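Structure record follows, encoded as structure tokens.
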Amino acid sequence: MIKINLLLLIALTLIVFVGCKDLPKEDKMVLDDDENNYTEEELYRPNFHFTPHKNWMNDPNGMFYLEGKYHLFFQYYPNSTTWGPMHWGHAISTNLITWEEQQIALYPDQKGYIFSGSAVVDNNNTSGFKSDSKIPVVAMFTYHNPKLEKEGKINYQSQGIAFSLDEGLTWEKYEGNPVIKNPGIKDFRDPKMTWDAIHNQWILILASGNKAMFYKSTNLKDWNYLSEFGENIGAHGGIWECPDFFPMKIEDSNETKWVLIQSLVAGGPNGGTATQYFIGDFDGKEFILDTSFKKQLAIEKAKWLDYGRDNYAGVTWSNIPKSDGRKLFIGWMSNWEYAEKVPTNKWRSSMTIPRELKLVKSDNRYTLLSQPVNEIKKFASKIIKKQFLKIEKEIVLATKLEFDFSSLDIELKLKITQENTVTFSFKNNKNESIKFGLNNKEKFFFFDRMKSGNLSFSNKFAPQQSIAPFKDVKENVNVRILLDKTSIEIFYNDGETIMTEIFFMQEPIDEFTVKSEKSNSEIETITIKQLKFE
Ligand code: FRU
């Protein structure tokens with residue numbers, strides 16, 4: 001009997017072996033195929049954050065909504081996984097979560113590389129680009145002329161436009177470019193256009209060294225300078241880039257304020273690139289800081305949209321229908337301090353989850369809240385809820401037997417006492433981990449990726465933990481966590497404080513735990529959702 005079994009085993013092994021050997025070439029290729037998620041080079045590809053199929057990506061650009069489709073363009077270099085002559089890549093989604101990459105939208109030309117910018121749907125054909133009753137979509141970008149730059153000139157950045165008559169699929173550059181010439185300013189870029197319905201005009205904001213500049217137009221081609229904002233206001237650890245500017249209704253009120261979002265290339269709250277915001281009023285010409293916001297700034301120096309190290313150059317979608325009414329934002333999930341060195345091979349960089357912004361005011365303080373768009377909820381499969389968990393020493397909240405940790409959406413309510421510190425950890429059997437939580441005594445949230453696996457690519461990646469200070473001690477904290485294979489986005493208290501960070505673990509996570517310094521805190525409720533995307 002044993003002999004027969006042994007013979008059978010040998011025969012089976014041979015069949016399998018010979019079978020494998022004889023696989024047609026195409027089938028074997030599948031292992032190296034671009035789509036295969038398990039090859040070495042795809043090890044770090046996220047499951048639900050946009051990445052380009054191949055090569056380098058930075059800032060989100062030109063986002064607009066039209067006919068059921070969300071368009072996302074992005075700074076793209078199709079010949080390498082590091083930055084190079086910039087193009088606009090393009091992707092489309094019908095649900096803001098799963099994206100289909102399109103052909104390249106804009107290529108560099110003699111006038112220069114195609115740097116960051118925006119797009120609007122010109123519903124009333126103010127530009128005159130309409131033809132055959134097709135509504136024009138108009139994009140504005142910065143022309144960055146490398147020749148002039150090399151020659152040591154300072155006027156190498158100007159603004160150009162392009163239009164599309166097929167809902168953003170193909171683009172024609174305007175023959176009259178540039179539409180805004182360089183006025184003798186070295187860093188003069190990243191125009192963000194908005195229809196200002198309050199003053200009946202197109203406006204744009206662009207970054208210009210240590211400040212932002214405003215322009216207006218009636219036809220998207222001729223632009224008049226209005227004013228500037230920001231010198232000596234807010235954070236200036238590096239030059240300003242990629243601004244955005246739009247009105248927002250304050251939640252639960254009829255009051256409208258203008259929000260100015262402003263990225264800066266260095267001097268973020270935890271090092272490197274980051275994004276701050278300002279709240280004020282706009283009379284159609286000038287942006288004036290709100291007086292209570294000014295007081296806030298006097299204390300806090302800057303209001304940060306995200307305290308994590310990996311949310312940069314984010315801006316909002318245009319043309320979201322009134323019936324929807326949301327302000328939707330997406331950022332580049334990296335940091336110029338190490339972006340070109342992160343250990344992905346075939347592609348580099350991903351975007352944050354698209355977020356809904358809300359403006360709230362309480363105790364005379366303004367806060368711009370960010371939360372993941374609701375669309376993510378549609379992708380929940382398995383859900384586990386737990387209640388009233390006393391946090392004593394370290395307790396396990398979930399294991400790999402219950403969940404695949406590479407796509408999770410977690411919500412929890414924490415009750416914490418004054419003097420306590422609570423630490424959440426995601427870890428694997430290689431002793432790699434990411435840790436985060438809050439120190440209620442010294443009053444800060446923290447995120448720690450110092451043992452998160454591959455760190456060797458840059459000593460700027462994890463020199464210390466990131467910190468987000470808060471004012472009053474907390475008793476109740478709600479936490480929303482989106483965990484992808486190589487990123488975590490943590491939203492505290494309905495998106496009041498956010499920490500977005502990437503990491504590169506070598507093995508999958510297999511445990512989620514929480515521990516507490518003192519045994520008098522509790523998780524009131526926790527909901528863990530497995531996300532599935534096929
Ligand atoms: C921000 C930025 C922009 C510029 C683009 C170039 O990350 O430096 O200011 O337009 O990237 O790729």
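Whatever order the structure lists ligands and atoms in, that order sets their numbers, starting from 1. Bear in mind the structure is a predicted one, so any value in this text is a computation, not a measurement. In this chain, residues are counted from 1 in sequence order.
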Inset, instruction - Would you please say whether a donor-acceptor pair under 3.5 Å links the side chains of Gln201 and Asp196? - result: yes
Inset, instruction - Classify the contact between Asn58 and ligand 1 as side chain, backbone, both or neither, using a heavy-atom distance cut-off of under 4.0 Å. - result: side chain
Legend entry - Heavy-atom nearest neighbour in the protein, as seen from atom 12 (O) of ligand 1, with distance rounded to 0.1 Å: Gln75 OE1, 2.7 Å
Inset, instruction - Ignoring angles and geometry beyond distance, decide whether Glu241 reaches within less than 3.5 Å of ligand 1 through its nitrogen or oxygen atoms. - result: yes
Legend entry - Passing candidate, ring-ring contact (aromatic ring centres under 6.0 Å, His included) with His87, options Phe141, Tyr113, Tyr107, Phe115: Tyr107
Legend entry - Polar atom proximity, Trp332 to ligand 1 (N or O, under 3.5 Å): no
Inset, instruction - For Asp310, enumerate each residue passing the side chain to side chain donor-acceptor pair (under 3.5 Å) test, keeping only those at least two apart in sequence or located in another chain. - result: Tyr338, Arg449
Legend entry - Option of least heavy-atom distance to atom 10 (O) of ligand 1 (set: Asp187, Val265, Ile114, Asp190): Asp190
Inset, instruction - Check each atom of ligand 1 against the heavy atoms of Arg189 and keep those under 4.0 Å away; list them by number with element. - result: 3 (C), 4 (C), 9 (O), 10 (O)
Inset, instruction - Taking atom types as modelled, find out whether Tyr312 and Glu241 have a side-chain donor-acceptor pair closer than 3.5 angstrom. - result: yes
Inset, instruction - Quick one: list whatever passes side chain to side chain donor-acceptor pair (under 3.5 Å) with Ser131, sequence neighbours left out. - result: none
Inset, instruction - Considering the heavy atoms of Met86, write down every atom of ligand 1 situated less than 4.0 Å from one of them. - result: 12 (O)
Inset, instruction - Would you mind listing which atoms of ligand 1 come within a distance below 4.0 Å of any non-hydrogen atom of Trp336? - result: 1 (C), 7 (O)
